Amino acid sequence: MAINLSQVNFSYEPVKKRKTNHFVLKDIDLKIEGKDEFIAIVGHTGSGKSTLAQILNALLVCNSGVVDIFGKVVSRKKKVKLKNIRQQIGLVFQFPEYQLFEETILKDVMFGPKNFKMANREELAKKALETVGISPDMFEESPFALSGGQMRRVAIAGILASNPNVLIFDEPTVGLDPLGKKELLDLLKKLNEEEHKSIIIITHDMEVVSSACKRVIVLDQGIKVFDGEKDELFKNDELIKAHSLDYPNSIKILKEIKEKLNIDINIYQYTIEDAFLELKRVLGDSHE
Amino acid sequence: MNDKMVFGQYYPINSWVHRLDPRAKLLSVLILMISVFLIDSIYILLGFLGILFIIVISTRIPIGKFINSFKMMSFVLVLTFIIQILFRKDGDLLITFNFQLTYFSLMIIVVTLLLWLLVSKYIKYFKLLIFLIVLGGLMALQYYTNIWGHIVSYHIDIYSRGLVMGSYVVLRLLGVLVISSLLTFSTKPTELNNGLDRLLSPLKKIGIKISILSMMISIALRFIPTLSLEADKILKAQASRGADFKEGSLKQRIGQIVALIVPMFIISYKRAYDLADAMEARGYIPDNDRTSIYVLKYRFSDVLTLLFDFLVLGLTIFLKVAYAI
Ligand SMILES: Nc1ncnc2c1ncn2[C@@H]1O[C@H](COP(=O)(O)OP(=O)(O)O)[C@@H](O)[C@H]1O
Ligand SMILES: [Mg+2]
C-alpha cells in the first residue's frame, strides 16, 4: 500500500487552541495503491480537497491520526525525509504555470530532479517534456514565451520529471478550453495505462470523473462520505442528492431519453461513444 | 478572507479611541509626541505617563499587547539606560564600584558566555531579564573576589546626572511607544491612510499630489494579503518539487529563493496590469478631483480630544518656561 491514512484530522489553526479548532479534515481513512489507480476527489469548494492533497504530499502535517506514505510516517513529532515522499508523490497545483521560473524550459523541468539529486536528470526532463508533447526544438526557449496551455504542460512536465509513482492534480482542467481539457485527460490516461502511474484528480467537473476515473472519493465538509467505483456512486441517487453532486452529461441525456420514450436502456454510460452505442443497440432492437 | 488576513497590529474592539476620527488621532499623536520631548522634569514625565496609562486602561485593549511592543524594544531601552549611566560624568558622584579582573573571574566569564550561547536559544521567556541577572552575577564576582592572578583593576562611577538622564531617556521612549502603539492598535492601516490623505490634502496647493500617493498606499495595503497567499502557494508548489528553503549551502539557497521570487514578480505584474485596466475601465484619471467613499467628519469627541492635546502641550510649554526661570 503506497498511501495509508487512518483517522486523520487536520486544522489550519494553531494546535494550542485545539478544543475550539475548526477541523478542515475529519477522521479521514484512505488507502491508495502505488500503481494503476485512477481516482477522482470531488466535493464542493471548501470541502477540504486541496488540503487533503497537501497532506498526501507532506506539505501539511495532520493534527492527529496516522499518515503513512510509502512506509514513512509523517508526524509533527518525528522528522522524516520529506524529500523522498515528495519525489514519489507528485503534486500539480491549481494553475501550475505560475511555478515556472528558469531561463529555459529544459532547465525549469530539471528543477525537480536536481533537488531530488537524481542522476540522469536531463534525460528525465527530456522524456517528461516529450510525454506532455513539447517538441525538442523548444527546449531552450524561455518558458514565459509560451501560450497558457503550453505553460501548463511544461509545468506538469516539471512534476513528471521526478518520476513519481503517484500523481495528484488539483483542478487541472480549470481555465482550459474543451480541446485543451481533452488533451490533458488523454495525457493522464496515457500515464495511467502505459506507465501504470496512480493518478488522483481533484475536480468539480463530472465529465472528467465519468470519462477518465475508475474510483471516486466524495468529501463533504471535511468528511469522506463516499469511496468506491464511479458506477456505484452514480447509481446511488440518494447520495448524489444528499451531497448535491451532479450527473455526467451522458447519464443526464440517457435518463431523459429513458423517461420520455419509456424504453429499457442502461443509462450508466460514461462516454458519448458508449451512450451512442447503447442507444443504437436499444433503438435498433426495438425497430426490428 | 478570515481574521488571520487582517494584518498589522490592529486590535478589533470598539473603544472610544477606536471611534475617533483618524485625523484627530494622527494630530493627537503628533502633539503628544512633541509634548513628551518638551517635558524636562522627571515628575511631570511620570505624571504624563500616568495619564497615558489611564487612557490605555479606558480603551480596554489588553495591557499584554502593549507589553509585547515593549518587549521588542526592551533591548534598546536597557542599552540606552546602561550607556547613559556609564558615560554621563556630571552631577554628584553617587557611588564607585571597584572591580578586579583576575584569571579566575576571566575564566568564569568566558565559560558563562559560551554556556549562554549554547543555552540561550532554549530560553523562551524573560530572556533579557535572565541575561541581565547573569551579567549582574559576573560583575558581582569581579567585585567580591580577588584570587588567582590579578590582571587589571577598573572602576565604574555612577553620577546622579547619569541616573537621571538614563531614566529620562527610558521614560520618554516608553511614552513614545505607548502613544504610537495606541494609534496602531486602534486604527486600521486603511483608516490611517485616509486620515493622512485628508490631513495632507492642502499640500495640493503647492503642487504636491498627496491623493496619488495615498492611492498607491491603499492599493499596496489591499494587495498585501493577496500576495502573501500567492507567495504561500508558490512556496508550496516549489517545495513539492523538492525545493528546500532551509537547507543547503548559501549558493543553493539563493537558487531556491529565485524559484520563489521570479514567480512572485510575474504574479505581481499580472495583477498590477489587471488592476490598472480595471481602474481605467471605470474612468480613473490620476489627477482628477474625486470624492471619497469614506467621509471623515470631526465629532464632538474629536474636538474634545484635540482640546485636551493642546492643553497638555500648552501646560508642558508653560512648565518648561516657568522652570527655566
Ligand atoms: N491556508 C489556509 N489557511 C486557513 N484556512 C484555509 C487555508 N486553506 C484553506 N483553508 C480553509 O480550509 C477549508 C478547506 O479548503 P480547501 O482544502 O482549499 O477546499 P477545496 O480545495 O475543497 O475547495 C476551507 O474552509 C478554507 O477556507
Ligand atoms: Mg481547492
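Just so it is clear, the structure is predicted and the values come from calculations on it, not from any experiment. To find a chain, count down the sequence lines: A is the first, B the second, and so on, and within it residues start at 1.
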Heavy-atom pair of closest approach, residues H204(A) and H44(A): NE2-C, 4.3 Å
Least distance between heavy atoms, T59(B) atom then V56(B) atom: OG1-O, 2.6 Å
Region of [X] that comes under 4.5 Å of a non-hydrogen atom in chain B:
| X | result |
| --- | --- |
| F116(A) | side chain |
| Y98(A) | both |
| E97(A) | neither |
| L82(A) | neither |
| F95(A) | neither |

K236(B) NZ: over 12 foreign heavy atoms closer than 6.0 Å: yes
Carboxylate-amine/guanidinium proximity below 4.0 Å for E130(A) and K126(A):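 So E130(A) does not pair with K126(A) through a salt bridge.
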Among the listed options K117(A), K83(A), Q99(A), the residue most often paired with chain B at heavy-atom distances under 4.5 Å: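 The option with the most such pairs is Q99(A).
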Trace of the salt bridge (Lys or Arg N to Asp or Glu O under 4.0 Å) decision for K25(B) with E191(B): CA-CA 10 Å; K25(B) 277 193 267 192; E191(B) 278 182 296; 5.2 Å; no
Non-hydrogen side-chain atoms of L275(B) and R222(B) separated by less than 4.5 Å: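 No - every pair of side-chain heavy atoms lies 4.5 Å or more apart.
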Residue selection (most heavy-atom pairs with chain A, distance under 4.5 Å) from Q256(B), K233(B), M264(B): Q256(B)
